[in-house]
*Asks:* 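I'd like to ask some things about the structure below.
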Amino acid sequence: MTAATMQVSQQDFEKAQEQVKLLKKDPGNETKLKLYALFKQATEGPCNSPKPGMLDFVKKAKWDAWNSLGNLSQDNARQKYTELVSSLVSAESADPKTDASPEESRHGDYETVLVTTKNSITKIMFNRPEKKNAINHKMYREIMKALEEAGKDDSTIAVITGNGDYYSSGNDLNNFANIQPSEMEKMAKDGAVLLKEFVGHFIDFPKPLIAVVNGPAVGICVTLLGLCDIVYASDRATFHSPFSELGQSPEGCSSYLFPKIMGLAKANEILLFNKKLTAAEACAWGLVTEVFPDSTFQKEVWARLEAYASLPKNSLAVSKQLLRSMEKEKLHAVNSKECEVLQERWLSDECINAVVSFFQKKAKL
Ligand SMILES: CCCCC/C=C/CC(=O)SCCNC(=O)CCNC(=O)[C@H](O)C(C)(C)COP(=O)(O)OP(=O)(O)OC[C@H]1O[C@@H](n2cnc3c(N)ncnc32)[C@H](O)[C@@H]1OP(=O)(O)O
């Protein structure tokens, strides 16, 4: 190495120390240890401090990293440090996700949901506010796609919430409308296949999944809460699963999870007798984790979630999967059975009459 390159290298070394502080993305512990070791070697020479005790994990890891550089010269260490920082800076500027400041990044082309990621949280927002976020066929498919993507992306947790005054009014009753009598059986069969796949995505979701219930929730959007890991609700939210009123039967694994969560007697009031719960009741019955005043709901909940999302991502994922693994097989079996029963219900006069009444504006919940 010539004197000229050494001098440039010293200047670059100082610049690199500044650049490393500006990295937007955490480079990970392994890289941070490498940077630490090269910095120490460059500024102090070979490792000269006593080996820390086995239980002093952090100091020991740092000492090991520095010591592993042996007799690497200070010039070479400066050079390697500078090169490593430069590679991190280039990787970051080539990555559109980190380029975009801490602002929200918006995902893909969705029509019925709004999917964004910010601060390690992927938010899936039901986005049909003019229809009270009722879930039509396209929305079932888009929610599944969004869950698949959120399960694989860099986020630590995923959140489901609603846009507008409702969390969701549940299944879009248009899914049952304008069906010719000759196509009823096919509609019911296809509906059961779609519902089974949809609920299966919640059962299998690999990361913590949090429901932020911003307003009233109806039908399937209530039952799915039992498959979420945390449920935060505004005090404006209500919880209503009027299955018998609609000539239908429970889904979303609620026939198994609700009695487990709140006891059979209370589950029966909701699932058989259409009892609409206030947020406070849903919390007392164990379906909701915590209720917040509507005026501070968004602020308080997102501050809480951002803190949770800064916890170690892999630890959270394996722990969630461990907890779910105890029940997974059972939940899939319950889901299959519920869809089988619903497939028959959708062909019943009781269900058909309820849908007709809704569209004749005779019946509202
Ligand atoms: C693949 C199939 C899977 C099936 C899975 C099964 C799931 C079971 C369930 O989810 S059961 C629950 C079904 N949901 C309902 O029965 C709710 C029906 N809606 C209502 O009773 C009311 O709309 C309300 C109480 C939710 C809100 O009443 P409000 O007066 O405040 O508002 P509007 O009625 O004027 O609603 C605004 C427009 O939104 C339309 N809309 C609301 N919810 C639904 C819905 N679930 N399905 C279809 N359309 C809905 C409503 O018709 C209005 O539309 P308009 O402006 O065009 O008239």
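Both ligands and their constituent atoms are indexed starting at 1 by order of listing. Source: prediction; values computed, not measured. Because only heavy atoms are used, hydrogens play no part in the values below, and waters and symmetry mates are left out as well, while side chains stay in.
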*Asks:* Do the side chains of Glu149 and Lys152 get close enough for a salt bridge, i.e. N-O under 4.0 angstrom?
*Replies:*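 Salt bridge flag = no for Lys152 with Glu149.
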*Asks:* Considering non-hydrogen atoms of the protein only, which is the closest contact for atom 22 (C) of ligand 1, and what is the distance?
*Replies:* Lys364 CG, 3.8 Å
*Asks:* Please determine whether a side-chain nitrogen of the Lys or Arg among Lys207 and Asp153 lies less than 4.0 Å from a carboxylate oxygen of the Asp or Glu.
*Replies:* yes
*Asks:* Is it true that Arg128 and Asp172 have a side-chain N and a carboxylate O under 4.0 angstrom from each other?
*Replies:* yes
*Asks:* Identify the protein heavy atom lying closest to atom 21 (O) of ligand 1, giving its residue, its atom name and the separation to 0.1 Å.
*Replies:* Leu365 N, 3.0 Å
*Asks:* Please report whether ligand 1 has a polar contact with Gln248, defined as an N or O pair separated by less than 3.5 Å (distance criterion only).
*Replies:* no
*Asks:* Would Lys328 and Asp204 pass as an ion pair if we require N to O under 4.0 Å?
*Replies:*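 Looking at Asp204 together with Lys328, the answer is yes, because their closest N to O distance falls below 4.0 Å.
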*Asks:* Return the orientation label for the Phe126 and Tyr167 ring planes: parallel under 30°, perpendicular over 60°, tilted otherwise.
*Replies:*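 Answer is perpendicular, since the angle exceeds 60°.
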*Asks:* Should the ring pair Phe292 and Tyr232 be called parallel, tilted or perpendicular, given that the plane angle runs from 0 to 90° and is split at 30 and 60?
*Replies:* perpendicular
*Asks:* Answer side chain, backbone, both or neither: which part of Phe359 comes under 4.0 Å from ligand 1, heavy atoms only.
*Replies:* neither
*Asks:* Give the minimum heavy-atom separation between Met139 and Asn127, together with the two atoms involved.
*Replies:*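 Scanning both residues, the minimum pair turns out to be CE-N, 4.4 Å.
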*Asks:* Below 3.5 Å, N or O to N or O, backbone or side chain included: is there any such pair between Leu173 and ligand 1?
*Replies:* yes
*Asks:* Taking only Lys NZ, Arg NE, NH1 and NH2, and the carboxylate oxygens of Asp or Glu, determine whether Glu340 and Lys196 approach each other closer than 4.0 Å.
*Replies:* no
*Asks:* What residue and atom, counting heavy atoms only, is the protein's closest point to atom 5 (C) of ligand 1, and at what distance?
*Replies:*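 Here the closest protein heavy atom is Tyr140 OH, 3.6 Å.
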*Asks:* If you take all heavy atoms of Asn335 and Leu195, which pair is closest and at what distance?
*Replies:* OD1-O, 4.4 Å
*Asks:* Please classify the Asp172 to ligand 1 contact at 4.0 Å (heavy-atom distances, strictly less than): side chain, backbone, both or neither.
*Replies:*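 Both backbone and side chain of Asp172 come within 4.0 Å of ligand 1.
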*Asks:* Among all protein heavy atoms, pick out the one at the shortest distance from atom 39 (O) of ligand 1; state its residue, atom name and that distance to 0.1 Å.
*Replies:*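 Checking every protein heavy atom, the shortest distance to atom 39 (O) of ligand 1 gives Lys131 CA, 3.3 Å.
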*Asks:* What protein heavy atom sits nearest atom 43 (N) of ligand 1, and how far away is it?
*Replies:* Ser169 OG, 2.8 Å
*Asks:* Would you say atom 53 (C) of ligand 1 touches the protein, meaning some protein heavy atom is under 4.0 Å from it?
*Replies:*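 There is no protein heavy atom less than 4.0 Å from atom 53 (C) of ligand 1.
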*Asks:* Report the nearest protein non-hydrogen atom to atom 2 (C) of ligand 1: residue, atom name, distance rounded to 0.1 Å.
*Replies:* Asn171 OD1, 3.8 Å
*Asks:* For ligand 1, note which part of Glu130 has a heavy atom under 4.0 Å away: side chain, backbone, both or neither.
*Replies:* backbone
*Asks:* Can you pull out the closest protein heavy atom to atom 7 (C) of ligand 1? Residue, atom name and distance to 0.1 Å, please.
*Replies:* Glu251 OE2, 3.2 Å
*Asks:* Using heavy atoms and a threshold below 4.0 Å, how should the contact between Leu342 and ligand 1 be classified: side chain, backbone, both, or neither?
*Replies:* neither
*Asks:* Nearest to atom 1 (C) of ligand 1 by heavy atom, Thr238, Leu194, Val355: which?
*Replies:* Leu194
*Asks:* Give a yes/no on ligand 1: does Tyr166 have at least one heavy atom closer than 4.0 angstrom to it?
*Replies:* yes
*Asks:* Do Phe13 and Gln10 have side chains that approach each other closer than 4.5 Å (heavy atoms only, starting at C-beta)?
*Replies:* yes
*Asks:* Identify the closest protein heavy atom to atom 19 (N) of ligand 1: which residue and atom is it, and at what distance?
*Replies:* Phe358 CE1, 3.3 Å
